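Below: one structure, written as structure tokens.
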Amino acid sequence: MTRSPVDLAIFDCDGVLVDSERICVRVDAMITADLGCAFTEEEIIEKFVGSSAEVYTAAVEERLGRRLEKNWLRQYEHLYQAALEADLTAVDGVAEALNSLAMPVCVASNTGHASLRRNLEIVGLKDHFEGRIFSAADVARGKPAPDIFLHAARSMGVEPGRCVVIEDSAYGVQAARAAGMRTFGYCGGLTPASRLEGPGTTLFDEMRDLPKLLASTIH
């Protein structure tokens, strides 16, 4: 089968560019315990990693058996911020991969703009994506809906079929497939490879291999 050329690589942020998910899982466990509906870290990885705030809220409300205030998470934002500022690092090998890629790149994440920019700046990657940072806050629905990836492609002037997505979560891979984009599932994070594999998806576990993998897959 002849593959169409690739004109844009769309990167998820958490777990792909910044190694934030391990940190956020610990904070999520603290928050749900504080609310009185404790989730284990294993449950959080399965249910929440890569999900939208709406998915997170719905699961917490279901276990609590009651509705939460609209902006309930704001009271806990300082916990995430403190933990990330103390411990956040770039995903191993991603800086080298970005420096080796010849094609245009952008970020499309469920995370809000302020947090996206802060996290990319902390790990020294913001300059790679300046002016090309897209958030689920820009669209009606976050991942697993395809909206954020379609918005990123449209903003960059690239057809969905000429984009590739680099993701590490089941929700993100699902969103990329729904957007009609080829997907590279990074297995070096928290989500098992078995939850990422599927049609149109190439799995890999070493970020430094991405440029060569992209080149060999799209030609």
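Remember, it's a predicted structure, so these values are computed and weren't measured experimentally.
Looking at Asp138, its side chain does come within 3.5 Å of a backbone N or O of Ser135 through a donor-acceptor pair. With hydrogens and angles ignored, the 3.5 Å screen pairs a side-chain donor or acceptor of Ser216 with a backbone N or O of Leu213. A donor-acceptor distance shorter than 3.5 angstrom exists from the side chain of Asn99 to the backbone of Ala95, with no hydrogens or angles considered. Using a distance-only test at 3.5 Å, with no hydrogens or angles considered, no donor-acceptor pair links the side chain of Thr201 to the main chain of Phe184. For the pair Asn110 (side chain) and Ser51 (backbone), a donor-acceptor distance under 3.5 Å is present. A distance-only check finds a donor-acceptor pair linking the side chain of Glu43 to the backbone of Thr40 [under 3.5 Å]. The backbone N or O of Thr111 sits less than 3.5 Å from a side-chain atom of Ser109, completing a donor-acceptor pair. Although no hydrogens or angles enter the test, the distance criterion places no donor-acceptor pair under 3.5 Å between the side chain of Arg66 and the main chain of Glu62. At distances below 3.5 Å, not a single donor-acceptor pair connects side-chain atoms of Ser115 with backbone N or O atoms of Gly112. With hydrogens and angles disregarded, no donor-acceptor distance shorter than 3.5 Å links the side chain of Arg22 to the backbone of Leu190.
The shortest distance between side-chain heavy atoms of Cys24 and Tyr80 falls below 4.5 Å. With contacts defined as side-chain heavy-atom distances shorter than 4.5 Å, the pair Asp92/Arg208 qualifies. Inter-residue side-chain proximity for Leu8 and Val164 is flagged as unmet; no heavy-atom pair is nearer than 4.5 Å. Taking 4.5 Å as the limit, every side-chain heavy atom of Ile133 sits out of range of all side-chain heavy atoms of Cys106. Between Arg162 and Pro5, some side-chain heavy-atom pair lies under the 4.5 Å cut-off. With a 4.5 Å cut-off on side-chain heavy atoms, Glu21 and Asp19 do not count as touching. Glu85 has its side chain within reach of Ile122: a pair of non-hydrogen atoms, C-beta onward, lies under 4.5 Å apart. Looking at Phe129 and Leu98, their side chains come closer than 4.5 Å, going by heavy atoms from C-beta outward.
A pairwise comparison of heavy atoms in Cys163 and Ala153 identifies SG-CB, 3.8 Å as the closest pair. Closest approach of Arg182 and Val6 over heavy atoms only: NH2-CG2, 3.4 Å. Pairing each heavy atom of Pro160 with each of Ala179, the nearest pair is CB-O, 3.4 Å. Summarising the geometry of Cys187 relative to Leu203, their closest heavy-atom pair is SG-CB, 3.8 Å, with the distance given to 0.1 Å. Of all non-hydrogen atoms in Pro104 and Asp7, the two that sit nearest each other are CD-O, 3.4 Å. Of all heavy-atom pairs between Ala152 and Ile10, the closest is CB-CD1, 4.3 Å.
Put simply, OG on Ser20 and CG on Leu116 are 9.5 Å apart, with the number rounded to the nearest 0.5 Å. The distance from the CD atom of Glu197 to the OG1 atom of Thr183 is 13.5 Å, given to the nearest 0.5 Å.
For Arg177 and Glu167, the salt-bridge test fails: no basic side-chain N is under 4.0 Å from an acidic carboxylate O. Between Lys143 and Asp12 there is a salt bridge, since at least one side-chain N of the basic residue sits less than 4.0 Å from a carboxylate O of the acidic one. The pair Arg195-Asp168 does not meet the salt-bridge criterion, since no charged nitrogen lies less than 4.0 angstrom from a carboxylate oxygen.
Residue Val18 is grouped with residue Phe204 when hydrophobic side chains (ILVMFWY) are merged at heavy-atom distances under 4.5 angstrom, including chains of intermediate members. Cluster membership for Met103 and Met156, using ILVMFWY side-chain heavy atoms within less than 4.5 angstrom, is not shared.
Screening residues 22-75 for ring-ring contact (aromatic ring centres under 6.0 Å, His included) gives Phe39-Phe48, Phe48-Tyr56, Tyr56-Trp72 as the qualifying pairs, with residues at least two apart or on separate chains. Applying the side-chain hydrogen bond (donor to acceptor under 3.5 Å, both in side chains) test to residues at least two apart or on different chains, the pairs with a partner in residues 116-127 are Arg117-Glu130.
Crowding of Glu159 atom CD: a count of heavy atoms from other residues, nucleotides or ligands under 6.0 Å not exceeding 12.
Between Phe134 and His151, the ring planes lie perpendicular to each other; the angle is over 60°, past the 30° to 60° tilted range.
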* Asked: How far apart are the C-alpha atoms of Asp28 and Lys47, what are their side-chain angles, what is the distance that settles it, and do they pass the salt bridge (Lys or Arg N to Asp or Glu O under 4.0 Å) test?
  -> CA-CA 11 Å; Asp28 289 340; Lys47 295 176 183 291; over 6 Å; no
